Amino acid sequence: MDGLTISWIGALAGLAIAIILILRKLNPVYALFLGAIVGALIGGANLEETINVLVSGTQSVMGTVLRVLAAGVLAGVMMESGAAETIAQAIVKKFGGGKAILALALATMIITAVGVFIPVAVLIVAPIALSVGNKMGISKIALLLALSGGGKAGNIISPNPNTIAAARGFDLDLSQVMIAGFVPALFGLAVTVIVATLLKKKGVMVTEEEAAGKGEADMSSYPPLKRAIVAPLVAIILLMINPIGAILGIDALEAFKVDALYILPIAGVIGMLAMGKANKILDYSASGLNKMTATVLILIGAGGIAGLISNSDLSTQVVSIIEASGISGTFLAPIAGILMAAATASTSTGVILATGSFGEAILNMGTAPLAAAAMVHTGATVIDSLPQGNYFHVTAGSMNMSIKQRMGLVPYEAIVGGTMTIVATLMYGFFS
């Protein structure tokens, strides 16, 4: 905002207040707005300037919000039709019990990658995991690591809100960020399987009652696999036409520039038609919209706090510290993603804050936009599953784990996210 520079002390104070309020169970949207207001006032803004900071910050995320709402159609189709469950069951049955951990991680990765939110993906695969875990003698911590690690890997190559936010934050196409996350995601999947295998006999095991209570679902009403994969397949093909054309030098394909705002709902509708569910279009789209509403509201709240930080000199101070310490400026991107996601316990909110607050500083350090997006995005997966966020509690409930048991998983999830971040940083920050 012209003529206004908020003190970095106010920006940090606002962020700290927002985090404390979230930890105190205040609705995250109000916590983020209150943090932004108090931080702006502490930082030297008057009441009118504070409102302008909030408005400019929330306006900056509207492009992301529109695309997230559009993605709700695809998400609603995948979740409500049973298509996601069909895909998950097919993967687990294909690999069999001998490769249960790989099957569970891969299943969660794929259904997250095709547009299902990671908490929902975990909830979908959890009953299968409990049944398999009881039969094969695999501990709950290993099972949930397989699901959460696989979901994290799928999340960085998905058309989900976090990827949309990373793309919009650096003015990139969604498909570019999805492709950039592919190699880090494979490393994340591999580390997930290795660490979960090492943990499979450690911790609390699945009881007969838990396995019976959350056994495999009745799939009689679910679509067959060949129809279940139509929606995600259409989305992937349409999203990849332009980048494939650019890679192969085919002008006709490269000229195909259709935004995800159009592609994702179109793929959802085509998937509905393929499954013979045309009469469910209102129900599925309404369900998808409802599932996106909470995310959209948090993104708007994050826009408010991002407006505070972007109008402050905090990024300048951080850059000065990095330059004075002699650390490569490349590390600013992953560090921003790690810290912002940890603060909010949310991948998508962390990406919004990191790109809105430090995006310009990251680019000014000489980092290319795609490299910046990949490093911020993967960084946001390192410690994003803390108790102040919903994901922590949803996943704990899916495995009937106590808070203490669930906390014990956080370091292993950080290993998975950290691996993806290191790979992305090496690939795009140093070797590109």
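All figures in this text were calculated on a predicted structure; none of them were measured in a lab. Just so you know, these numbers use all the heavy atoms, side chains as well, and skip hydrogens, waters and symmetry mates.
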Item to complete: Output, in order, the C-alpha distance, side-chain angles, deciding distance and verdict of side-chain hydrogen bond (donor to acceptor under 3.5 Å, both in side chains) for Asp384 and Thr347.
Response: CA-CA 6 Å; Asp384 58 339; Thr347 312; 2.4 Å; yes
Given 3.5 Å as the limit, does a donor-acceptor pair link the side chain of [X] with the main chain of [Y], or not?
X	Y	answer
Thr163	Ser158	yes
Lys140	Met399	yes
Ser328	Phe331	no
Ser7	Gly43	no
Lys200	Ile101	no
His377	Gly181	no
Asn160	Asn162	no
Ser131	Pro127	no
Gln89	Thr86	no
Thr367	Leu363	no

Hey, does [Y] have a side-chain heavy atom less than 4.5 Å from the side chain of [X]?
X	Y	value
Ile322	Val318	yes
Glu80	Lys291	yes
Phe117	Thr295	yes
Val416	Leu145	yes
Met178	Met240	yes
Leu174	Pro159	yes
Met427	Pro184	yes
Lys201	Ser139	no

If you take all heavy atoms of [X] and [Y], which pair is closest and at what distance?
X	Y	result
Leu32	Gly301	CB-O, 3.4 Å
Pro334	Thr425	CG-OG1, 3.8 Å
Thr381	Lys152	O-NZ, 2.6 Å
Ala129	Leu143	O-CD1, 3.5 Å
Val177	Ala166	CG1-CB, 4.1 Å
Ser81	Tyr284	CA-OH, 3.5 Å

Between Thr50 and the options Val38, Leu308, Val55, Ile37, the side-chain contact (heavy atoms from CB on, under 4.5 Å) test singles out Ile37
Which of Ile263, Ile270, Leu264 passes side-chain contact (heavy atoms from CB on, under 4.5 Å) with Leu238? It is Ile263
Any side-chain donor-acceptor pair under 3.5 Å between Asn155 and Thr112? no
| Ser346-Thr344 side chain donor-acceptor pair, cut-off 3.5 Å | no
Output the distance between atom [atom1] ([X]) and atom [atom2] ([Y]), rounded to the nearest 0.5 Å.
X	Y	atom1	atom2	value
Leu409	Leu144	CG	CG	5.0 Å
Thr108	Leu123	OG1	CG	10.5 Å
Thr421	Met375	OG1	CE	10.5 Å
Asn46	Asn52	CG	CG	8.5 Å
Leu54	Glu49	CG	CD	12.5 Å
Phe256	Ile244	CZ	CD1	11.5 Å

- Message: Please check if the number of heavy atoms outside Tyr412 that lie under 6.0 Å from its OH is greater than 12.
- Response: no
Heavy atoms from other residues, nucleotides or ligands near OH of Tyr262 exceed 12 (cutoff 6.0 Å)
no
Determine, step by step, whether Phe392 and Ile403 satisfy the side-chain contact (heavy atoms from CB on, under 4.5 Å) criterion, reporting the C-alpha distance in whole Å, the side-chain angles of both residues, the deciding distance to 0.1 Å, and the verdict.
CA-CA 9 Å; Phe392 179 95; Ile403 298 298; 3.8 Å; yes
Here the salt bridge (charged side-chain N to carboxylate O under 4.0 Å, His left out) pairs for residues 396-407, sequence neighbours left out, are Arg406-Glu413
Trace of the ring-ring contact (aromatic ring centres under 6.0 Å, His included) decision for Phe187 with Phe182: CA-CA 9 Å; Phe187 275 87; Phe182 186 72; over 10 Å; no
>> I'd like to know whether Tyr391 forms a side-chain hydrogen bond (donor to acceptor under 3.5 Å, both in side chains) with Ser148, so could you lay out the CA-CA distance, the side-chain angles of the two residues, the decisive distance to 0.1 Å, and finally the verdict.
In response: CA-CA 10 Å; Tyr391 181 73; Ser148 187; 2.7 Å; yes
Do Asp259 and Arg67 meet the salt-bridge criterion of a basic N to acidic O distance under 4.0 Å?
yes
